[in-house]
Amino acid sequence: MRAFVIKEYAHPSKISVTQDFPEPKAGPGEVLVDVYSAGLNYFDILQSQGKYQVQPPRPFVLGSEFAGKIAANSPIPQGCPFRPGDRVFGGLAQGAYAERMAAPWQNLIPLPDNMSYDQGAGLFITWPTSYEALVGRAELKAGEWVLVTASAGGVGIAAVQLAKALGAKVIAAAGSPEKVDISIRYGGADHGVNYSKEGWQKEVLKITGGKGVDVIYDPVGLIRDSLKCIAWKGRALVVGFAAGTIEKLPLNLVLLKNISIVGIHWGAYTKFEPSRTPVVWKELLDLFSSGRAKPVVYPETFPLERLGDGLVALESRKTWGKVIAHVREPEGAQAKAKL
């Protein structure tokens with residue numbers, strides 16, 4: 001089968017698709033999934049070079065997020081609710097950038113009827129991270145002000161939509177006027193600011209009538225700068241460090257403004273709080289089914305043979321929304337969302 005295989009560590013732009021990689025075999029509790037679309041993530045770039053904190057033995061198939069259907073010849077383990085042909089999405093540590101993968105059936109979720117494979121391929125990591133950050137960690141309330149940094153990116157634009165769906169007033173912060181516009185047009189943000197301009201925090205304070213924002217959602221590493229426009233008793237969510245630097249924060253501001261610095265590590269919930277996972281997914285799927293939230297996919301999708309180009313575009317911050325690779329060509333109407 002075709003697969004994006006890491007045989008030797010290298011930048012993904014230097015790796016070609018393997019045409020004859022062995023098809024996987026399903027182990028106990030696993031099903032076979034025909035992968036149609038896969039979601040690109042920044043950590044893929046690190047993992048292909050041996051720079052990520054989790055490095056499987058080589059050779060391995062890169063990629064974590066995917067959407068597809070249960071293969072026609074897949075075994076169906078006892079207790080598994082899926083049947084061959086069922087549309088699903090999910091996530092694993094590796095293996096998504098291949099025509100077929102073996103996955104524990106508990107890692108799969110039914111793909112909503114109103115979603116395409118492309119939309120489903122970017123759900124598994126991005127959306128529960130954003131939802132649990134805002135709801136479980138920041139305890140966001142309707143009517144509060146939320147500042148979302150890197151608001152046009154995959155997790156950012158999901159956070160913008162979710163905050164709006166939860167009744168908040170949202171200020172999108174991005175590094176260019178184009179990405180601010182995307183955050184408003186596709187994410188539904190109420191306001192936008194360009195954080196490449198010096199003193200952007202004053203604009204946030206002006207928008208909020210001098211109060212500041214109640215919640216900061218930051219996946220890029222701008223907590224320190226954002227504290228200049230946080231409200232009394234505000235909550236700053238540490239989501240990630242996409243800019244590459246782990247910040248050092250002035251704790252005197254935490255004391256003086258009576259604020260909370262709150263972390264979110266969604267990947268650890270399966271170990272420390274597994275009962276929360278199905279709750280989050282139920283609430284998310286309800287939002288998707290109602291149309292109150294909708295995944296935003298970058299307009300240019302990349303065939304598996306051009307996966308390296310897609311990861312380079314992601315790395316250079318030329319993209320917005322969720323970047324998707326087409327692993328297989330969709331089969332007729334089955335690939336399209338039902339209207």
Side-chain angles (χ1 to χ4, degrees), residues 27-31 39 41-44 46-47 51-57 60 63-66 77 79-81 88-96 101-110 120-141 146 148-150 153-156 158-159 162-163 165-166 214-221 223 233-242 246-249 251 254 259-288 293 322:
E30 292 185 332
V31 295
N41 288 289
Y42 187 81
F43 58 75
D44 294 329
L46 300 176
Q47 196 170 59
K51 298 178 180 179
Y52 195 51
Q53 58 257 39
V54 179
Q55 291 295 147
F60 65 91
S64 290
E65 291 182 290
F66 59 90
C80 174
V88 295
F89 70 93
L92 290 177
Q94 293 86 35
M101 62 190 305
W105 67 262
Q106 294 96 334
N107 282 50
L108 304 177
I109 298 171
L123 295 180
F124 198 78
I125 295 173
T126 303
W127 285 83
T129 297
S130 296
Y131 186 89
E132 179 62 9
L134 293 169
V135 175
R137 303 296 288 133
E139 299 181 352
L140 179 65
K141 301 174 184 64
V146 178
V148 179
T149 65
V155 289
L162 288 170
L166 294 165
D214 300 289
V215 174
I216 295 165
Y217 179 101
D218 176 51
V220 71
I223 294 286
K233 287 190 177 180
R235 292 89 73 199
L237 288 160
V238 181
V239 183
F241 311 99
I246 296 176
E247 295 185 279
K248 293 179 174 60
L249 300 179
L251 292 182
V254 176
I259 61 176
S260 302
I261 308 295
V262 187
I264 173 69
H265 184 187
W266 176 250
Y269 273 65
T270 53
K271 179 179 179 181
F272 294 106
E273 199 177 344
S275 61
R276 179 67 178 156
T277 303
V279 175
V280 169
W281 275 118
K282 182 185 182 305
E283 292 172 2
L284 276 173
L285 291 172
D286 287 345
L287 283 172
F288 293 140
K322 190 67 179 184

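Position 1 is the first residue of the sequence, and the numbers go up from there.
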Problem set entry | Any side-chain heavy-atom pair of Ile261 and Leu249 under 4.5 Å | yes

Problem set entry | Minimum heavy-atom distance Ser130-Ala158, with the two atoms named | OG-CB, 4.0 Å

Exercise. Any salt bridge between Arg137 and Glu132, counting N to O under 4.0 Å?
Worked result: no

For this session: Compare all side-chain heavy atoms of Ile109 with those of Leu285 and state whether any distance is below 4.5 angstrom.
Result: yes

Exercise. Between Arg235 and Glu139, is there a side-chain N and carboxylate O pair less than 4.0 Å apart?
Worked result: no

Exercise. Do the non-hydrogen side-chain atoms of Tyr217 and Thr149 ever get within less than 4.5 Å of each other?
Worked result: no

Exercise. Quick one: are Val31 and Pro77 in side-chain contact, heavy atoms under 4.5 Å?
Worked result: yes

Exercise. Is there a donor-acceptor pair under 3.5 Å between the side chain of Glu65 and the backbone N or O of Phe124?
Worked result: yes

Seminar exercise, completed: Value for CG (Leu284) from CH2 (Trp281), rounded to nearest 0.5 Å, stands at 6.0 Å

For this session: Could you tell me whether the side chain of Val238 reaches within less than 4.5 Å of the side chain of Ile264, counting heavy atoms only?
Result: no

Exercise. Would a line drawn from the ring center of Tyr131 to the ring center of Trp266 be shorter than 6.0 Å?
Worked result: no

For this session: For Ile223 and Ala236, work out which heavy atoms get closest and say how close.
Result: CD1-CB, 4.0 Å

Seminar exercise, completed: Closest non-hydrogen atoms of Ala103 and Leu92, given as atom of the first, atom of the second and distance, are CB-CD1, 3.8 Å

Problem set entry | Heavy-atom donor-acceptor pair, Gln55 side chain to Gln47 backbone, under 3.5 Å | yes

Problem set entry | Residue pair Val280 / Tyr269, side-chain heavy-atom distance below 4.5 Å | no

For this session: Using the test ring-ring contact (aromatic ring centres under 6.0 Å, His included), find all partners of Trp105 that sit at least two apart in sequence or belong to another chain.
Result: none

For this session: Compare every heavy atom of Gly91 with every heavy atom of Phe66, then report the nearest pair and how far apart it is.
Result: CE2-N, 3.5 Å

Exercise. Looking only at atom types and distance, does a side-chain atom of Asp218 sit under 3.5 Å from a main-chain N or O of Val220, one as donor and one as acceptor?
Worked result: yes

Problem set entry | Asp214 side, atom CG; Lys141 side, atom NZ - distance, nearest 0.5 Å | 8.5 Å

Exercise. Between the side chain of Thr126 and the main-chain N/O of Gly154, is any donor-acceptor distance below 3.5 Å?
Worked result: no

Exercise. Considering all heavy atoms of both residues, which atom of Lys322 and which atom of Asn41 are nearest to each other, and what is their separation?
Worked result: NZ-OD1, 2.8 Å

For this session: Check whether any side-chain heavy atom of Val135 lies under 4.5 Å from a side-chain heavy atom of Leu162, and answer yes or no.
Result: no

Exercise. Which atom names give the shortest non-hydrogen contact between Glu30 and Gly27, and what distance separates them?
Worked result: OE1-N, 2.7 Å

Exercise. Is there a side-chain contact between Leu123 and Phe288 (heavy atoms, below 4.5 Å)?
Worked result: yes

